[in-house]
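Quick notes on the structure that follows.
Excluded from the calculations below are hydrogen atoms, water molecules and symmetry mates; all remaining heavy atoms, backbone and side chain alike, are included.
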Amino acid sequence: MELEFSGEVIEWRGPAPFFYAVVPPDAAEVIHELAPMLTYGWGVIPARVTIGAVTWTTSLFPKDGGYLVPLRAAERRRAQVELGDAPTITLELGGP
């Protein structure tokens, strides 16, 4: 299954800063319905992420009833995505 949406880039500060794109509620609802078939534990969902011409694999994190898309530093730089941006994201759920 493939989903496309714009998600705001936020920062979560832990031992090191982590950046995520917030999955909007309508897309999160679709993911939540599919989660039992896709998760490999703890509600984490494998996915292929595309922003512009940049594609990578990761896992969506459940958070407060929704999902966050992890944005690694290398991919953020390549896609020219900064904190506060809302890039168009394509998710291919279930990974490669």
**OP:** Count the heavy atoms of every other residue, nucleotide or ligand shown that sit under 6.0 Å from CD of Glu29, and state whether that count exceeds 12.
**Re:** no

Original post:
Which heavy atom of Val49 sits nearest a heavy atom of Ile89, and at what distance?
Top reply: CG1-CG2, 4.0 Å

**OP:** Taking all heavy atoms of Pro24 and all of Phe5, pick out the closest pair and write down the distance.
**Re:** CD-CD1, 3.2 Å

Subject >> Distance (rounded to the nearest 0.5 Å) between Thr58 OG1 and Arg72 CZ >> reply: 5.5 Å

Original post:
How long is the span from the CG atom in Leu71 to the CD atom in Glu82, to the nearest 0.5 Å?
Top reply: 11.0 Å

Original post:
Does atom CD of Glu11 have more than 12 heavy-atom neighbours, drawn from other residues, nucleotides or ligands, at distances under 6.0 Å?
Top reply: yes

Subject >> Val30 versus Met1, closest heavy-atom pair with distance >> reply: CG1-SD, 3.7 Å

**OP:** To the nearest 0.5 Å, tell me how far Met37 CE sits from Ile45 CD1.
**Re:** 9.5 Å

Subject >> CD1 on Ile31 to CG on Leu38, rounded to 0.5 Å >> reply: 9.0 Å

Subject >> Separation between CZ of Phe19 and CZ of Arg76, rounded to the nearest 0.5 Å >> reply: 4.5 Å

Subject >> Step-by-step side chain to side chain contact (heavy atoms under 4.5 Å, CB included) determination, Phe61 to Val23 >> reply: CA-CA 10 Å; Phe61 294 166; Val23 176; over 6 Å; no

**OP:** To the nearest 0.5 angstrom, please state how far the CD atom of Glu92 sits from the CD atom of Glu4.
**Re:** 13.0 Å

Original post:
Between the side chain of Thr88 and the main-chain N/O of Ser6, is any donor-acceptor distance below 3.5 Å?
Top reply: no

Original post:
For Ala28 and Gly66, which heavy atoms make the closest approach, and how far apart are they?
Top reply: CB-CA, 4.1 Å

Subject >> Minimum-distance pair of heavy atoms, taken over all atoms of Asp85 and Gln80 >> reply: OD2-O, 4.0 Å

Original post:
Pick from Val22, Leu91, Leu60, Val44: which one makes a side chain to side chain contact (heavy atoms under 4.5 Å, CB included) with Tyr67?
Top reply: Leu60

Subject >> Check: Arg48 and Thr55 side chains under 4.5 Å, non-hydrogen atoms >> reply: yes

**OP:** Dump the intermediate steps for side chain to side chain contact (heavy atoms under 4.5 Å, CB included) on Val54 and Val81, then the final yes or no.
**Re:** CA-CA 11 Å; Val54 181; Val81 172; over 6 Å; no

Original post:
Where is the tightest heavy-atom contact between Pro46 and Ser59, given as atom of each residue plus distance?
Top reply: CA-OG, 3.9 Å

